[in-house]
Amino acid sequence: MKRLLGIVHMNPEIDPKEWDHTDEVLYGLGGVRTPETFYETFGIDVVKKKTEHHLCRFVDTGRMHNMFQMLVRQDGMGVDYDLISYTFKDPTPNEA
């Protein structure tokens, strides 16, 4: 589990020397954006192991699509996260 979480940068409390890095570059995450940028954008706290709730509402309503579609990379291969300054916060934190 240390290896899996390490590759996706979800265990910053673990020293990277504690897990096997074999083929990490070959099968890794690429370099278009950092996992940290993704986590910050979508309200994932890897230190506290918590997420903002109600992300599905942001996605299901089309709001995320409308906000991010103009930020598609020139090569058409996804959103250019360097252009995003948005951080998802639960709009209804007192609601289950």
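- At least one side-chain heavy atom of Phe38 sits under 4.5 Å from a side-chain heavy atom of Ile44.
- Sequence neighbours left out, the pairs with a member in residues 37-47 that pass side-chain hydrogen bond (donor to acceptor under 3.5 Å, both in side chains) are Thr34-Thr37.
- For Leu5, the side-chain contact (heavy atoms from CB on, under 4.5 Å) partners at least two apart in sequence or on another chain are Met1, Met10, Asn11.
- Between the CZ atom in Phe42 and the CG atom in Leu55 there is a gap of 7.0 Å [rounded to 0.5 Å].
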Run the numbers on Val32 and Tyr81 for side chain to side chain contact (heavy atoms under 4.5 Å, CB included), then give the verdict. CA-CA 8 Å; Val32 174; Tyr81 280 81; over 6 Å; no
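- Looking at residues two or more places apart in sequence or on another chain, you find a side-chain contact (heavy atoms from CB on, under 4.5 Å) between Asp20 and Arg3, Thr22.
- When all heavy atoms of Leu29 and Ile7 are compared, the pair lying nearest together is CD1-O, 3.2 Å.
- For residues 61-76, the pairs satisfying salt bridge (Lys or Arg N to Asp or Glu O under 4.0 Å) are Arg73-Asp75, with sequence neighbours left out.
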Under the criterion side chain to side chain contact (heavy atoms under 4.5 Å, CB included), I'd like the reasoning laid out for Tyr86 against Met64: C-alpha separation, chi angles, the key distance, then a yes or no. CA-CA 10 Å; Tyr86 179 82; Met64 181 183 81; over 6 Å; no
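- Under the 4.5 Å side-chain heavy-atom criterion for grouping Ile, Leu, Val, Met, Phe, Trp and Tyr, Met70 is connected to Val79 within one hydrophobic cluster.
- Counting only residues at least two apart or in different chains, salt bridge (Lys or Arg N to Asp or Glu O under 4.0 Å) contacts with residues 83-96 comprise Arg57-Glu95.
- Sorted pairs that involve residues 22-39 and meet salt bridge (Lys or Arg N to Asp or Glu O under 4.0 Å), not counting sequence neighbours, are lacking altogether.
- Atom NZ of Lys48 sits in a sparse spot, with 12 or fewer heavy atoms from other residues, nucleotides or ligands closer than 6.0 Å.
- Smallest separation of non-hydrogen atoms from His53 and Phe88: O-CE2, 3.4 Å.
- Note on Val46 and Leu4: same hydrophobic cluster, where clusters join Ile, Leu, Val, Met, Phe, Trp and Tyr whose side-chain heavy atoms are under 4.5 Å apart, directly or indirectly.
- Contact detail for His54 and Ala96: the closest heavy-atom pair is NE2-O, 3.0 Å.
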